[in-house]
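Below is one structure, written out as structure tokens; comments come after it.
Both backbone and side-chain heavy atoms feed into the values below; hydrogens, waters and symmetry mates do not. Just so you know, residue 1 is the first one in the sequence shown, and it goes up from there.
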Amino acid sequence: IVSKPGLNESSTDVYNAEKILKLLGYTVDEADSLLDNKTFEAIKKFQKSKGGGAYGRLDFTTQKWLNEGLEKLRSDADKQYAKAKEVLSK
């Protein structure tokens with residue numbers, strides 16, 4: 001199992017990253033679990049936007065940032081979800 005997929009490697013983490021990158025507005029092909037050139041470039045742009053090293057590997061920090069981005073999208077789009085999260089975190 002590859003824990004930090006790089007170019008031309010496949011994993012479910014890549015599949016999830018492709019889905020999230022697409023939701024965040026990055027250009028990727030349909031999610032297929034393969035970290036191809038287009039996904040690689042999208043990850044580099046995303047990493048750069050976060051102030052990290054833009055080297056295209058789907059490391060743990062990048063996965064964390066992607067999940068945070070998805071959480072923000074979810075909270076911004078679903079006010080009921082955001083309120084429930086607020087109430088339950090008290």
Side-chain angles (χ1 to χ4, degrees):
I1 294 177
V2 176
S3 58
K4 299 181 202 174
L7 188 60
N8 296 320
E9 295 178 340
S10 294
S11 83
T12 56
D13 291 331
V14 173
Y15 178 84
N16 292 331
E18 289 170 324
K19 293 286 220 179
I20 295 170
L21 285 165
K22 188 169 239 172
L23 286 171
L24 293 174
Y26 290 85
T27 303
V28 294
D29 292 327
E30 285 303 312
D32 61 2
S33 302
L34 176 66
L35 205 157
D36 59 12
N37 283 323
K38 195 176 269 189
T39 302
F40 183 78
E41 291 302 320
I43 290 171
K44 283 177 32 178
K45 286 179 187 174
F46 177 76
Q47 289 169 327
K48 187 175 182 180
S49 79
K50 292 303 216 175
Y55 60 97
R57 183 169 283 279
L58 188 56
D59 60 13
F60 298 130
T61 300
T62 302
Q63 291 177 44
K64 178 179 164 259
W65 289 337
L66 285 167
N67 288 328
E68 289 170 353
L70 179 61
E71 182 65 27
K72 180 165 177 14
L73 278 176
R74 185 179 292 145
S75 291
D76 290 349
D78 187 344
K79 299 303 177 194
Q80 211 171 9
Y81 172 80
K83 184 64 176 175
K85 186 176 169 190
E86 175 189 329
V87 169
L88 292 173
S89 68
K90 291 181 181 181

Look only at the side chain of Ser89 and the backbone of Glu86, and say whether a donor-acceptor pair between them is shorter than 3.5 Å. yes
Does Thr39 offer a backbone N or O that forms a donor-acceptor pair with the side chain of Glu18 under 3.5 Å? no
Pair Leu66, Leu24 - check side chain to side chain contact (heavy atoms under 4.5 Å, CB included), show working. CA-CA 9 Å; Leu66 285 167; Leu24 293 174; 4.2 Å; yes
Atom pair CG/OG of Asn16 and Ser11 - distance to nearest 0.5 Å: 8.0 Å
What's the spacing between Leu7 CG and Ile43 CD1 if we round to 0.5 Å? 9.5 Å
Side chain to side chain contact (heavy atoms under 4.5 Å, CB included) between Lys85 and Arg74, worked out: CA-CA 11 Å; Lys85 186 176 169 190; Arg74 185 179 292 145; over 6 Å; no
As an exercise, state the distance from CD of Gln47 to NZ of Lys44, rounded to the nearest 0.5 Å. 9.0 Å
Decide side chain to side chain contact (heavy atoms under 4.5 Å, CB included) for Lys22 and Glu30; before the verdict, give the C-alpha distance in whole Å, the side-chain angles of both, and the deciding distance to 0.1 Å. CA-CA 9 Å; Lys22 188 169 239 172; Glu30 285 303 312; 3.1 Å; yes
Linking I/L/V/M/F/W/Y whenever their side-chain heavy atoms sit closer than 4.5 Å, directly or via other members, would Leu73 and Leu21 fall into one cluster? yes
Between Glu68 and Lys64, is the closest basic N to carboxylate O distance under 4.0 Å? yes
Can you tell me how far NZ of Lys83 sits from CG of Leu88, rounded to the nearest 0.5 angstrom? 11.0 Å
To the nearest 0.5 Å, how far apart are CZ in Phe40 and CD in Glu9? 10.5 Å
Hphob cluster co-occupancy, Val28 + Trp65, side-chain heavy atoms under 4.5 angstrom: yes
Above 12 or not: heavy atoms from other molecules or residues under 6.0 Å from NZ of Lys19? no
Is Tyr15 reachable from Leu70 through a run of I, L, V, M, F, W or Y residues, each pair having side-chain heavy atoms under 4.5 Å apart? no
Find out if a path of hydrophobic residues (ILVMFWY) with successive side-chain heavy-atom gaps under 4.5 Å connects Leu23 to Leu35. yes
For Tyr26, I'd like to know if atom OH has over 12 heavy atoms of other residues, nucleotides or ligands within 6.0 Å. yes
Just by distance, do the side chain of Gln63 and the backbone of Leu58 share a donor-acceptor pair under 3.5 Å? yes
Test Leu34 against Val14 for side chain to side chain contact (heavy atoms under 4.5 Å, CB included), laying out the working first. CA-CA 6 Å; Leu34 176 66; Val14 173; 5.7 Å; no
